Amino acid sequence: MSFETVLPYLIVLGKCVFAVAFVMQIVPLLIWGERKGAAYIQDRPGPNRADIMGIRAGGLVHTLNDVVKLVMKEDIVPQHVEKFYWALAPVIAMTVALVTFIVVPFGDTFMGVPLKVSDIDGGLLFVLAMTSLGVYGIMLAGWASNNKFSLLGGLRASAQMVSYELAMGLSAVVIFLGSGSLSLSVIAEQQALPLELGFISIPAFNWNVFSVPGAIAFILFWVAAFAETNRTPFDLPEGEAELVGGYHTEYSSLRFALFFMAEYANMIVASAVTATLFFGGYNVPFLNGETIRANADTLVALIGFGAVPVLLFFSALAWKRRNRPFYRAIAVDDIRHREPKFWTATWLGLAVVHAGVGVLGLSGIIGANGPTGIGPDTVAFVLQLTALALKVLLGCWIMIWVRWTLPRFRYDQLMNLGWRVMLPVALVNVFVAAVWIIVKESLFA
Amino acid sequence: MALPAPRKKLSTPESVYLVEVIKGMFLTMSHVIKNILDQDRFRTIEYPDMRKPMAARYRGAHRLTTRPDGKVKCVACMCCPTICPAKCITIIAGEAADDPAEKFPIEFDIDMLRCIFCGFCVEACPKDAIRMDTKIYEINAYTRQDMVHNKSYMINLMDGLKPEAEDVYRAHPEQAPAGYTFDEKPVA
Amino acid sequence: MAKVKINDTEIEVPNGTNMIEAAKLAGEEIPHYCYHPHLSIAGNCRMCLVETTTPRGPVLEIACNMQARDGLAIRTDTAQVLHMRKSVMEFLLVNHPLDCPICDQSGECRLQDYYMEHGQYDSRGLDPKVGKNKRQDIGDLIVLDAERCVQCSRCERFGDEVTGTGELRLMNRGDHTEIGMFPGDRLSHNYQGNLADICPVGALTNKDFRFQRRVWYLKETASVCTGCATGCNIQVCHQEGEVFRYLPRRNDQVNKSWMCDMGRLSYQEIAGLKRILKASVDGKAVEPDVATGEIATRIRAAGAAGVGFVLGTRATNEANWALLQMVRANVPGARIFVVEGNDGGQAAQGDTLLLSGDRNPNTAGARLLARHDGNVGDRLALLAALPELKLLVVLEDDVLGRLGAALPPVVFFGAFKNATAQAAAIVVPTAHPVEQDGSYINRQDRVQRVRRAVNPVGESAPAYVVVDRLGARLGKAPGTQMVAAAFNGMARAVERMRGLEFKGLGAEGRLLAPEAVTAVPGAEAST
C-alpha cells in the first residue's frame, strides 16, 4: 500500500476529525455564552467563582469544571428503565447532531482538496433526514425512561419536530429551486458568485437571503430550526416548570452530558446549515476564493493591523476592571488580584502578535511571492473558516439571545403556529419562489 | 372553575409576533452591551468576597460581654430567658464565691435553631451582658448540638471570627463591630 | 361590728379590725412593709399612710395602727396619700443597692411592686449610697444582705414574739441603720425559713433556694405539709414537674403564717434517692400490674386467716378507706391493724410552736377509720397475731421499725424506701403527697386537702388507685379510682365526717364533728 493509496483515506479521516472537533470545540464556548449571556441580559455578573491560578477567564473555567463534574458524577441507572434503549437514546442524539455536519462545507478547496467531509449530492435531504432521525433519540429517552414526565416530554418533542419539519423542508425547497442542486457545496458556491443585475455586477449580496422568497424562507427555516433544536421558545419537551426535566429527567452524569452537548451541537449544526443555505456559507462578503488568493498579502496586513486597535481596547477594558469593588473587597494577597494584569498583558501580547502578522503580510512572503504555494490557500482557508465560524456563532448567539428574551409558547400555540401559519406560508412561498425565479430569469437572462 | 383571564386584543403587527419579538430582543441586547462596557452596573454582591454592609442595628449572632477583669458580665438574672418568645435560652445560675457580683451563669446556652433574632434578650438585659452587634449571619453547623451556642463560644465569638472577617472589616471598616481592633498587618 | 368607709366603699367589720385587713376586705390594697398580721404593730415603714378626717381636718395616719370603729372613714386615693407613698418610696430606695438582677427576692419583692406603682422613677440622688454588709451568713438557712434592708423590723419582731430568740437587731441611727446579729451569734432555731418569707425585700433570703430558680417561673399549688401531725398549710412551688420550695400558706387556725424548717426542706425528698420508683417482686423489678397480680395470688394463698393488713398513719384518708373497703369486700375475716409511732421506731421531739412529736400526717385519720370499723387491732394486737400471719400488707408506714419485731413476708405500698420497704417481698410504689390529690386529718382533727402539683415519679400512682387495682384483681374493686369518690364514700360512711365533701374542704380545711365518746387513748400531749 503506497502513500498515494492511503492518502485519500487519511484526508477523509482528517476532515472527519476536523468536523467533529469544530463542533465539539464550540460547545463549551456556547455553554459559557449561554450562562454569561443570560447573566448580562439580567444585569448580573454570571458565573465567576472557578479559577485556575487566580484566572477566572470570565467564567470559562466553569465549563471545564462542568466537564469534570459530569464525568466524575455517579452514573445512576434507574431500576425501572428499559436499559438498552435508555442507554441508546443519548448516543443517537449526539451522533445525529454530529453526523449532520459532514455535508456542510467549511471552505472551497485547500491544495486541491475540497473542504467538506462528504459531498453528497442530496446534501440538503441528508440534513433533513438526519434532523428527522434526531427525534428518535429524544423519543427513545422519553419512552425508555418509564416515567410519565419523560414520556410526555418525548411525546411533545416528536409531535413538535414532525410538525416543524414540514415547514423546514418546504422552506428549503425554495433554495434548491433557485440553485437547481441539493448539494450544500453547490449552494454555497452559487452564493459566492457576484450579483448580476444586468447592468452591474456586485461581488456580494448574492446570498439566498437577499431575495423576497429567500428572506421568507430564512425566517421560516430559522423558526423551524428553533423548534427542531428544542430551544426556547419551543423548548416544551423539557419544560422544567411542568415536566421536571422532560425526556432527560432520568439521566445523570455523562449520559446527561451527551443530551446537554447534543442540544448545543444541534444549535451549531442548525446555524451552520442556515448559514450555508441563506448566508453564503463559508463565503466572505466581497471576497470570493480567487480574490482572497490574489490579494493574500494585503489581506493579512489589513487583518493583522486592523485587529490591533480592537485588542488594545480590550486591554484597556481589562486594565480598568482592576478597580472594581470586588478587587477592593478581597484580601490584598488574594491570588485573584493578578487577573486584570493577566488580561491586560494577554490582550497587549495578542496585539503585538497581530502587529507581527500585519508585518508578515507587508513583507509579502505569504502570497504568491512566497517560497511555497501553500500561503494563499492557507489564507483563504483561515478566512473562510473564520467567516463560517462567525456566522455559526452569530446564529448560536441569536438562539441564546432569544432564549433569554422570549417566554415559552403554550403547546396549542406551538401547534397553531406550526400547522396554521408556517406551513401555509411555506407553501405559498414555494410558489412565490417559482414566480421569482421565472421573473428573474426573464429579466436578467 | 377558573375564570378565563381577560386578554388584550392584539393589534395586527403584534399578532405577527415578529415585530414584538425584535423589540424585545433589542431591549435585552442593550442590557448586554451596557453590561459588557461597564460592569459596575451590577448590583450583585459577590458574597464570600464582598459583603453587604449590615445596618448598625442589624441583629447577628449573640455574644456575651465581659468585665475588665475578664469575667462574664452576666449575673444570671434570667431576664432574657423570661422575655425570650422562642424559649431558646437556658441558664443555670451559680454562686460566685469571691465575687461581689455573687451570681454568675454556670451554663448559658442559646439554641440558635430556635432563636428568632428578635433581640428582646438584649433589650431585657440589665447588665449589658448580651449583645447582638456582631453582625454575624453565618450561623451554621453540622450537628444540632453545635447549633447550641454555649457560654465560652459566645464570649469568644469575636476572637474566633477574626481570621475570617479581618479582610472584610479592613475593606469595609463601617461593617466592623464597635470597638473592633485590627491586627497589625502591612497594607500593600 | 363596726361600719367603716374605705374610699367610697362601706363595709362592716368586727370592732378593732386592723384597717389594712379591712381595706383588703373592701378590695383596696394598702401598701405596707412593716405590718404583718401575725406580728405586733411597729409602724415604722410609713408606707401605709392613709387620709382620715378629724375635727382638725384631713390628716395622714398609718393604716396599720388604726383599728376599725364605727364611722371611721379613710381614703387611699387622694393626691396627698399618693404623694406621701412616692416620697416614702424615695426614702426607702435612697440607699438601696438595686441589685435586682442578682437578688433572689425579685419577682416577689415589695420594693419592686410598689416602685412600679408609686415610684419616683427619676432619681434625685447625688450623694453616694451608704454601703452596708452584704452576703452575711447568719444561719443554716438564711443569708443576710443589709444593704437591701428597708428597716421594717419584721424579722426583729419575729425573733422576739414568735420564736423568742431575738437574734436580729436594728443597729446604729439615721441612714446608717443596719439590721444585723450580735457578734458571734448565729440563727439556730427551726423556724429560720420564715425570716426569708416575712422579709418584704431581699435582705433575708433562703440559702436553700438561693439562685435555684426565678420565682416568676414557679407555679404554686396549695397543699399541706406532711412532715408531722400538725399539717401546716403550704404552697408547693414547682416548675415543669420539679418542686423547688415549700412556702407556708396562711391558715390562722393551724399554722398562722409559719412553718418549721424541717417541713420546709422536706420537699427535697420528693425527687430524693429514697423514693421508690419501680415495683418489685422478691427483689426483681416488674411492672406494677404484674406485682399487683402477684399480691393477689399470695393473698389468696395465705387465706383470710393468714393475711394481715396495716392501715397507714402516713397514708391519705382515701388510701386507708380504699384498703379497708377492699379487705372487707374481698378478704372477709382478714385482720386489720393500725401501728402508731414514728418511722424507725424512735420517739421524736416536738416543740410548742408547730412541730409535733408525732411525725405522721394522718394518725388521726387512721384512728378515725379504726374506730369506725370497730375491728381494727393496734400495735399490741399485731404483735400478738404475728405468729399466725403468713402475709402482711402494709400501707406506707414503716411497720418493721415501729414494731421492732420480725415480720412475716410483707407487701409494701409506699413512696419511700424505709426499713419495711427494704425487707418487703413485694413493693408497689405510691405517689408522694404533692403528686396526688387527697386528704389528711391533723392533730386538731382538721381534714385538709393536698393537691396534685407535679406528676408522680417513676411508676408510682396514688395509693388509693393502687389499692383499687388490687381489689379488682381479688374480685371486687372498692371503686376508689377517683379521689372525690373515695373521700365522699368515706364521708358518708364515717359518722364524724358526715356532711363533709371533698370539693368543700376549702383552703383552710374542715374540722371533724366532735367525738361522741371519750378521747382516743394515746392522744398527743405535747401540743
Side-chain angles (χ1 to χ4, degrees), chain A residues 33 36-49 51 56 58 215-216 218-220 222-223 226 232-233 313-314 316-318 320-337 340 397-407 409 413 416-417 421-422 425, chain B residues 2 4-5 7 10 12-54 162-176 182-188:
Chain A
K36 218 65 181 173
Y40 278 29
I41 282 172
Q42 294 162 357
D43 283 353
R44 56 187 173 84
N48 62 358
R49 295 290 306 160
D51 65 67
R56 299 174 300 170
I216 296 170
F218 160 65
I219 291 169
L220 292 173
W222 190 233
V223 172
F226 273 86
T232 316
F313 173 70
F314 283 173
L317 215 56
K320 185 185 159 219
R321 284 192 183 166
R322 82 194 188 286
N323 285 325
R324 290 196 55 207
F326 173 81
Y327 293 110
R328 280 185 270 126
I330 58 179
V332 267
D333 53 351
D334 194 291
I335 197 169
R336 286 168 293 187
H337 274 299
W397 165 247
I398 290 171
M399 285 184 160
I400 292 167
W401 181 11
V402 165
R403 173 170 176 187
W404 298 104
T405 303
L406 300 184
F409 272 98
Q413 291 171 332
N416 230 1
L417 184 69
V421 178
M422 286 177 61
V425 170
Chain B
R7 289 187 191 278
L10 297 178
T12 317
E14 279 170 352
S15 67
V16 180
Y17 297 146
L18 275 177
V19 182
E20 295 296 308
V21 163
I22 288 165
K23 269 160 78 180
M25 288 176 68
F26 271 103
L27 179 71
T28 48
M29 196 64 192
S30 73
H31 279 257
V32 173
I33 291 166
K34 274 187 236 163
N35 287 332
I36 287 174
L37 294 180
D38 181 14
Q39 296 212 327
D40 291 342
R41 291 181 80 244
F42 297 141
R43 292 287 167 268
T44 310
I45 295 165
E46 293 177 31
Y47 158 62
D49 302 310
M50 297 165 72
R51 269 154 206 264
K52 189 173 154 72
M54 306 314 286
K162 265 185 180 176
E164 279 181 28
E166 180 76 39
D167 301 320
V168 179
Y169 292 157
R170 192 183 296 282
H172 300 277
E174 75 280 1
Q175 289 184 31
F182 292 106
D183 287 342
E184 286 311 314
K185 193 172 170 186
V187 178

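Below, all heavy atoms of this structure are taken into account, side chains as well, without hydrogens, waters or symmetry copies. By convention in this document, chain letters (A, B, ...) are assigned in the order of the sequence lines, proteins followed by strands, and residues within each chain are numbered from 1. All values derive from a computational prediction rather than experimental measurement.
Residue B:Leu18 touches chain A through its side chain alone, counting heavy-atom pairs closer than 4.5 Å. For a residue to count as touching a neighbouring chain, one of its non-hydrogen atoms must lie under 4.5 Å from one of that chain's; by this rule A:Phe314 does not touch chain B. With a 4.5 angstrom heavy-atom cutoff, A:Lys36 does not touch chain B via any of its atoms. For chain B, the nearby parts of A:Ile41 are the backbone and the side chain; heavy atoms of each come within less than 4.5 Å. Contacts of B:Leu37 with chain A are made by both backbone and side-chain atoms, with heavy-atom separations under 4.5 Å. Heavy atoms of B:Phe26 lying under 4.5 Å from chain A belong exclusively to its backbone.
Between A:Phe218 and A:Trp222, the ring-plane angle classifies as parallel under the 30° and 60° cut-offs.
Between A:Trp397 and A:Gly37, the shortest heavy-atom distance links the atoms CZ3-CA, 3.9 Å.
Each of B:Leu27, B:Val32, B:Ile33 has some count of heavy-atom pairs under 4.5 Å with chain A, and the biggest count is that of B:Val32. Most heavy-atom pairs under 4.5 Å with chain B, from the set A:Arg49, A:Gln42, A:Lys320: that is A:Arg49.
Legend: residues meeting side chain to side chain donor-acceptor pair (under 3.5 Å) with A:Asp43, ordered by chain and number and at least two apart, are B:His31, B:Asn35, B:Arg41.
Applying side chain to side chain contact (heavy atoms under 4.5 Å, CB included) to A:Thr405 and the options B:Ile22, B:Thr28, B:Val21 leaves one that passes, B:Thr28.
The closest side-chain heavy-atom distance from B:Met25 to A:Ile398 is below 4.5 Å. Residues A:Leu417 and A:Phe409 form a side-chain contact, since some pair of their non-hydrogen atoms from C-beta on lies under 4.5 Å apart.
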